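Input: a single structure, listed below in structure tokens.
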Amino acid sequence: MAGSSHGGGHGHTPAAWTGVIISFIGFCVAGVFMVANNPLGFWAGFGVILLGAVVGGAMKAAGLGSKLEPVRVQGSADAAQPVKATPAEATAAA
């Protein structure tokens, strides 16, 4: 999403898409076998979910992940400043 306030490219990488798709398939497999009362199939689906995380992480390590620098949030320098209570808050606290 170019032009958005968070810098764009959030998760739009081959590593992210591949990891999510594999994990989604694992969730579907685990869900079907859970309803079918088949523990072996459920755990196989759970293994596919973990496989998605491993594949996504490996692809990111191979350079197929986001190359964006962390985005500094506007106004984050103001976060270190103490916040003064409004008159209404000061009265309510008393």
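Here the structure is a predicted model, which is why all the values come from computation and not from measurement.
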Quick one: side chains of residues 38-45, donor-acceptor pairs under 3.5 Å with protein atoms, not counting sequence neighbours, listed by atom name and distance.
unit_1: Asn38; atom_1: OD1; unit_2: Leu40; atom_2: N; d: 3.2
unit_1: Asn38; atom_1: OD1; unit_2: Gly41; atom_2: N; d: 3.1

Correct closest heavy-atom pair for Ser23 and Gly52 would be OG-CA, 3.6 Å

Sequence-distant partners of Leu50, side-chain contact (heavy atoms from CB on, under 4.5 Å), two or more places apart: Phe46

If you round to the nearest 0.5 Å, how far is OG of Ser66 from NZ of Lys60? 7.5 Å

Hydrophobic clusters join Ile, Leu, Val, Met, Phe, Trp and Tyr when side-chain heavy atoms are under 4.5 Å apart, directly or via other members; which others share one with Val32? none

Co-members of the apolar cluster containing Val48 [side chain, <4.5 Å]: Ile22, Leu51, Val55, Met59, Leu64

Linked hydrophobic residues, Phe24 as query - side chain contacts closer than 4.5 Å: none

